[in-house]
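Inspection log for the structure reproduced underneath, given as C-alpha cells.
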Amino acid sequence: MGEGEVTAAGAAAVDARDFPHAFHVPGRAWYARSPQDVARDLLGAHLSVGSPKGTVTIRITEVEAYGGSEDPGSHAYRGRTARNATMFGPAGRLYVYFTYGMHWCGNLVTGPDGVASAVLLRAGQVVDGVELARSRRTTSKSDRDLASGPARLATALGIDGQHDGTSVDAADGHRMPDSVVSLRVRDIRSGPFSSGPRTGVSGDGGLATYPWRYWLTGDPTVSRYRTA
DNA sequence: CGGCTGATGGACT
DNA sequence: GTCCATCAGCCGA
C-alpha cells in the first residue's frame, strides 16, 4: 500500500566507524543526521535493557522517524510539554511515553539539545533473554510476537516510564547492570529494508504522510498493525 | 490471514 | 470532552 521499496544500496550495513560512540559523545555523528537517517541506521542494531531479573536484547527490525514543530505526526508538533520534554533534550536518551491508558512506547532521541526529533522503536527480534521476554509477554503466542509492535517491544524489554530520559550506552549488551540500556551498532549487518507511511499517524496530505516508517524487508517480527 | 472492537487513563484543547 | 505513535480477542473467510 504505497510502500516504496528501497534499493539494497540504501541498506548498506552500518559501519561503526561512521558513528564513534554515537550515543556517548554529544556532537558527533548522530547530531548531524536526520531522524530518518538514524532510523534507517538503527535497523539491525542490537538494543539491550538490563533489569534485576536479567537482560533482554533485541535486533531492531522496524522503526519510525519523528520530527518536531515541522512534523504534524509528532508529539512535539505543538511544542514542548511535560510529556515530550525528553524529545527536546540531547540525542542518545530514551523518550518513553504512555498511551491508550495502558501501553508504554520507547523512542531513541536523535537531535541536538533543544531540537525535537526521535525514532520510535516499533518492532524487534528477541536475540537474548528470551525466557525473560516470554515471562513479560505472556499473551504472546509465538516468539516472533514477543516484540512485534511498539508496546510489545517495550514490554519485552521491560521499558516503562522509569526509563524516560535514560541515557543509552554504547557498550556490549551482555551481563548488563540493572536498568542500563545499551545500543550496539558495531558489526551489525542489516539486510534490505522497505519504507512506508507511519502507523497510526493521520495525514493531511503533508509531512504526516511521508514514508518515514522503515522495516527490514520480509522480517517476520515486523508488526502487523499498519493501517492508519 | 484480515477486519472489527472494547479496554483504559493521561495529556491536552 | 476528545484524542490517542496500541493490543488482544473474537469473528468470518
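So you know, we letter chains A, B, ... as the sequences are listed, proteins then strands, and number each from 1.
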Hey, is the side chain of A/Y97 pairing donor to acceptor with the base of C/dA5 inside 3.5 Å?
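Such a pair is found, so the answer is yes.
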Do A/Y214 and A/R40 meet the criterion of a side-chain donor-acceptor pair at a distance under 3.5 Å?
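Looking only at side-chain atoms, A/R40 and A/Y214 do form a donor-acceptor pair, the distance falling under 3.5 Å.
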Pairing donors with acceptors under 3.5 angstrom, does anything connect the side chains of A/S223 and A/R122?
yes
[X] side chain: which of [options] is closest?
X: A/F98; options: C/dA5, B/dG3, B/dG9; value: B/dG9
X: A/R224; options: C/dT6, B/dG3, C/dA8; value: B/dG3
X: A/R78; options: B/dA11, C/dA8, B/dT13; value: B/dT13
X: A/A151; options: C/dC7, B/dG10, C/dA5; value: C/dC7
X: A/M102; options: B/dG2, B/dA7, C/dC7; value: B/dA7

Find the distance [X]:[atom1] to [N]:[atom2] and express it as a whole number of Å.
X: A/K141; N: B/dC1; atom1: NZ; atom2: P; result: 12 Å
X: A/Y77; N: C/dC4; atom1: OH; atom2: P; result: 13 Å
X: A/R137; N: C/dC7; atom1: CZ; atom2: P; result: 8 Å
X: A/R80; N: B/dA11; atom1: CZ; atom2: P; result: 16 Å
X: A/W104; N: B/dG9; atom1: CH2; atom2: C1'; result: 11 Å
X: A/D145; N: C/dC7; atom1: CG; atom2: C1'; result: 11 Å
X: A/D160; N: C/dT6; atom1: CG; atom2: P; result: 18 Å
X: A/R136; N: C/dC7; atom1: CZ; atom2: P; result: 17 Å

Under-4.0 Å side-chain N/O to phosphate OP1/OP2 contact, A/T81 with B/dC12:
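So the side chain of A/T81 is within the cut-off, an N or O lying under 4.0 Å from OP1 or OP2 of B/dC12.
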Does the side chain of A/H103 get closer than 4.0 angstrom to OP1 or OP2 of C/dC7 through an N or O atom?
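So the side chain of A/H103 is outside the cut-off, no N or O lying under 4.0 Å from OP1 or OP2 of C/dC7.
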Where does the angle between the aromatic ring planes of A/H75 and A/Y95 fall among parallel (under 30°), tilted (30 to 60°) and perpendicular (over 60°)?
perpendicular
For A/Y100 and C/dC4, do the ring centres fall under 5.5 Å apart while the planes stay under 30° apart?
yes
By centroid distance (under 5.5 Å) and plane angle (under 30°), are A/Y66 and C/dA5 in a stacked arrangement?
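Ring-base stacking flag set for A/Y66 and C/dA5.
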Paired with B/dA7: which nucleotide, if any, by Watson-Crick or G-U wobble criteria at under 3.5 Å for both distances?
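For B/dA7, the partner nucleotide comes out as C/dT6, under the 3.5 Å rule.
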Can you tell me the pairing partner of C/dC11 across any strand shown, Watson-Crick or G-U wobble, with both distances under 3.5 angstrom?
B/dG2
Cation-pi check, A/R198 to A/Y66: give yes when NZ or CZ is under 6.0 Å from the six-membered ring centre and within 45° of the ring axis, no otherwise.
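Geometry flag: set, cation within 6.0 Å and 45°.
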Could you pull out the closest heavy-atom pair between A/S117 and A/G111, with the gap in Å?
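Looking at all heavy atoms of both residues, the shortest contact is OG-N, 3.0 Å.
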